[in-house]
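These numbers come from a predicted model, not from an experiment.
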Amino acid sequence: MTTVAIVSAILTLLAGIGVFLVACSMMSSNLESLSSDKLKNLFAKASGSKLLGVGIGTLGTAAIQSSGATTVMVIGFVNAGIISLTQAATMIYGANIGTTITAQIVALGMFGGNSISTSVIFSAFAGLGAFLALFTNKEFWKKVGGILTGFGMLFVGLVLMSSSMSDFAALEGVKVFLAGISNPLLLVLIGTLLTAIVQSSSVMTSIALAMVVSNLITLDQGIYLTMGSNIGSCVVALIAGLTSGTNAKRTSIIHLIFNCSGVVIFLIAALVMNVFSGGDFNFGTIFNRMFPDAPQTQLAMFHTIFNLITVIIVLPMTGLLVNLVCKIIPEKAENEDPNAPKLYFIDEHMLRTPPVAVKQTKEEIINMSKIAFENFSRAVHMIKTLDLSELETFNYKEKELNFLNGAIIDFVVKLSEKQQLSEADHVYLSTTYRTVRDLERIGDYAENIIEYAEILKESSSSFSKYALAEIDELEDLIQKLYTHVMLAYDKNSMEELDIANELEEQVDIVTKNMEDMHIERLSQGICTPTVGAQYLSFSTNAERIADHLINVGKTARVMTNRR
C-alpha cells in the first residue's frame, strides 16, 4: 500500500470517528428532549433501593445514549444533596449497563454478507431523518427526524471506520505490529488512553468491533481494548467530580473504582483460565463458542456481560465501597461555611441533562417559596408579639433569598441555551425570571414588617386586641392563598389558581376593612397615630405579598395555554 493510501486510511478513520461522535451527540440530545417528561419522572424516583438505582441508571442511559451525561448528572444530584452516595453508586452501575446498548446496535449494523449490508440500510435513516426534520413544522417530528438522522449517521461513521480498518488490514506491517501487542495489561492501557482522548467509550468499542471484524486484531485483543474503554470513560466524571464538593468527588471516585474493579476481576479470571488451560482457553474461546461466526456479536455481548457481572459482584458491597471513598476523601475542617447560602436542588453538572435540570429548577423555586413564606410568617409573629428572638434567623433567611434570586437566574440563563429542551420547557423557563423576582420581593416586604415591629417595640407600643384579631384573619387568608398558589404552580392546575384568585380578592376586602376599622378606632382613641401608621403599613405590605403570590400562580395559566 502506498503512502497516499495509508494517509487516506488514517483520514478516513478520523472522519469516521468525527461522524460517529456527532451522531451520538445528535441522538442523545434529541432522545433526551423527546423523553424529557419521562426522564424527569424516572430520576425523581431515586430511593434507597439498590436495584431501583441500577434500573434507573440503566434506563436513563439507554434513553439518552450517554453514560457520561448520566454519570455527570448523578454527580450533580449528589453535590446538591438530592441523593445519597449509595443511591449515586447504584445509578452509576446501571449507567455502565445502559451504555452497552450502543455496542449492540453497532454490532447489528455489521451483518450483511453477500446481501445489502445492514450498515448501509441503517445509514439510509440519516437521509430519511433529515427530510423529516426539514419538511415538518412540528417540534415532535423534528426531534424524531433528529433521532433518525443521528441513528443513520452512527452507521455512516461505522462504515468509514470499518473501511479504514480494511485498508489497514491489507498492510502486513500493521498486522504484524498489532499481533505483537498481546499483553492484556498493555491492551487495557491502550483502550483506556484512547477512550480518555476521544471521551467516548462507544467510539472506542466501535473501533474495536471494526478491527475484530476486519481481522486486524483478535477477539481477545478487542476484549481487552473494550475493558480499557470502561476505565477511560471515567475521565469525564473525574473532571466533573474533582471540581465540585466532597460528595461529588467521592461519586467520581466510586465510578473509577467500580470500573477498575470489573477490569481487575476479569483480568484475574483470564489469568486463571490461561494457567489451567495452558493458554488454550480464554474469553475469546468462550464467546466464539457462544456466538459462532459472528465476531461483532461476540465482542458486543462480552461488553454487556462484562458490565452485568461486575454489577452483580459489586452491588452487595456498595456499603463497603461508600465507606472506602469516605475514608479516601474525608470531610475537611477547612470546608466552606456550612451555614453559607446554597442551592438545594440544582447544580452546574445537571446542565448535561437539561430536561432533568428543568424539573430540579422547579423544585428549587418551590423551596425558595417556602423560605420566603416562612419569613413572612416569622415577621407576622414578631409584629404581633414584639418578640424579636427570631430576628437572627429571619436575617439569615433573607440573605438566603437574595442569594437564591441571583443563583437561580444564573442557572436558568445557562439552561435556556440548551437545545435538548422541549418547547414546554423553554416556555416554563421564561416564566422563572418573574417568579423568582416575585418571591424575592415577598422577602423584602417581610423585611419591612420587621422594621414596623422594631419601631413599635422601641416606642413601647403595641396593637390593640381588635387589630390583632384582624391580623390573624389576614394571616390565615394569606396562608391559604400560598397553599393554593403553590399547588397551581407545581401541578399547572387552573382549578387551584381559580381558588387562589378568589382568596386574593378576599385579601383585598379584608385589608380595605382593616383601614376602615383603624380609622374608627383612631377616632375613638383606642389606637394612637404612631401605632396606626405601623398597622396601615403592615396591611399594605401584606396585601402586596398576596399580589406577588398570585403572580407566581399565574405560571399555571401560561403553561396551560401553551399545551
Is the closest side-chain heavy-atom distance between I328 and I257 below 4.5 Å?
yes
Walk me through whether E348 and K414 qualify under side chain to side chain contact (heavy atoms under 4.5 Å, CB included).
CA-CA 9 Å; E348 289 283 324; K414 296 174 184 176; 3.0 Å; yes
When every non-hydrogen atom of L421 is compared with those of L415, the smallest separation belongs to CD1-O, 3.4 Å
So, does T61 use its side chain to make a donor-acceptor pair with the main chain of G57 at under 3.5 Å?
yes
Lys/Arg N to Asp/Glu carboxylate O, D508 vs K512, below 4.0 Å:
no
Flag the pair L401 / M368 as yes when at least one side-chain heavy-atom distance between them is below 4.5 Å, and no otherwise.
yes
Counting C-beta onward and ignoring hydrogens, is there a side-chain heavy-atom pair between V54 and M91 closer than 4.5 Å?
no
What is the minimum heavy-atom distance between V412 and L429, and which atoms define it?
CG1-O, 3.9 Å
When every non-hydrogen atom of T318 is compared with those of A89, the smallest separation belongs to CG2-CB, 3.9 Å
Report the C-alpha separation of R544 and N541 in whole Å, then their side-chain angles, then the decisive distance to 0.1 Å, and conclude whether the side chain to side chain donor-acceptor pair (under 3.5 Å) test is met.
CA-CA 5 Å; R544 287 173 180 169; N541 279 263; 5.2 Å; no
Could you go through the side chain to side chain contact (heavy atoms under 4.5 Å, CB included) check for I449 and F376 one step at a time?
CA-CA 8 Å; I449 293 172; F376 166 68; 4.1 Å; yes
Is there a donor-acceptor pair closer than 3.5 Å between any side-chain N or O of K142 and the backbone N or O of A133?
yes
N/O donor-acceptor pair under 3.5 Å between T483 side chain and Q479 backbone
yes
Do side-chain atoms of T58 reach the backbone of I97 as a donor and acceptor pair under 3.5 angstrom?
no
When you compare the side chain of I409 with that of V413, does any pair of heavy atoms fall below 4.5 Å?
yes
Could you tell me whether K384 and D472 have a side-chain N and a carboxylate O separated by less than 4.0 Å?
yes
Residues R441, D444: salt bridge by 4.0 Å N-O rule:
yes
D476/K480 under salt bridge (charged side-chain N to carboxylate O under 4.0 Å, His left out): CA gap, chis, key distance, verdict
CA-CA 6 Å; D476 182 59; K480 292 177 181 177; 3.5 Å; yes
Okay, side chain of N259, backbone of N230: is any donor-acceptor separation there less than 3.5 Å?
yes
CG of L497 to NZ of K491: how many Å apart, nearest 0.5 Å?
16.0 Å
I'd like to know if the side chain of N247 reaches the main chain of V78, judged simply by a donor and an acceptor atom lying under 3.5 Å from each other, with no hydrogens or angles considered.
no
May I ask you to decide if Q534's main-chain N or O and S537's side chain share a donor-acceptor pair within less than 3.5 Å?
no
Main-chain N/O of G319 paired with N323 side-chain donor or acceptor, under 3.5 Å:
yes
Does K362 make a cation-pi contact with Y428 (under 6.0 Å, within 45 degrees of the axis)?
yes
Find the distance between CG (L549) and CG (L481) and round it off to the nearest 0.5 Å.
5.0 Å
Does R378 use its side chain to pair, donor to acceptor, with the backbone of E390 at less than 3.5 Å?
no
Are S462 and L386 side-chain neighbours, meaning at least one heavy-atom pair lies under 4.5 Å?
yes
When you look at S461 and S459, which way does the side chain to side chain donor-acceptor pair (under 3.5 Å) test go after all the steps?
CA-CA 5 Å; S461 304; S459 63; 3.0 Å; yes
For I346 and T361 the tightest heavy-atom approach is CG2-N, 3.6 Å
Side chains of I365 and Y489: does their closest heavy-atom pair fall under 4.5 Å?
yes
Apply side chain to side chain contact (heavy atoms under 4.5 Å, CB included) to residues K359 and F345 and explain how you reach the verdict.
CA-CA 9 Å; K359 174 181 172 54; F345 292 91; over 6 Å; no
Just so I know, are the side chains of Y396 and E392 near enough to count as touching, which here means a heavy-atom distance under 4.5 Å?
no
Taking all non-hydrogen atoms of both residues, which atom of V507 and which atom of L474 are closest, and how far apart?
CG1-CD1, 3.8 Å
When rounded to the nearest 0.5 Å, the distance separating NZ of K397 from CG of N402 is 13.5 Å
Does the cation-pi check pass for R437 over Y433, that is, NZ or CZ under 6.0 Å from the six-membered ring centre and within 45° of its axis?
no
Interatomic spacing from CG in L468 to CZ in F463 - rounded to 0.5 Å:
7.5 Å
Between T136 (side chain) and L132 (backbone), is there a donor-acceptor pair under 3.5 Å?
no
Evaluate the side chain to side chain contact (heavy atoms under 4.5 Å, CB included) criterion for residues H426 and E423: first the C-alpha distance (whole Å), next the side-chain angles of each, then the deciding distance (0.1 Å), finally the verdict.
CA-CA 5 Å; H426 278 296; E423 183 180 354; 5.6 Å; no
From T90 OG1 over to L321 CG, what is the distance, rounded to the nearest 0.5 angstrom?
11.0 Å
Looking at every non-hydrogen atom in both residues, tell me the closest pair between E364 and L404 and how far apart they are.
OE2-CD2, 3.9 Å
Between OH on residue Y445 and CD on residue E543, distance to nearest 0.5 Å:
9.5 Å
For Y482 together with F373, are the ring centres under 6.0 Å from each other?
yes
Quick one: do K342 and E400 make a salt bridge, cutoff under 4.0 Å?
no
Within a strict 4.5 Å, meaning less than it, do heavy atoms of the T99 and S201 side chains meet?
yes
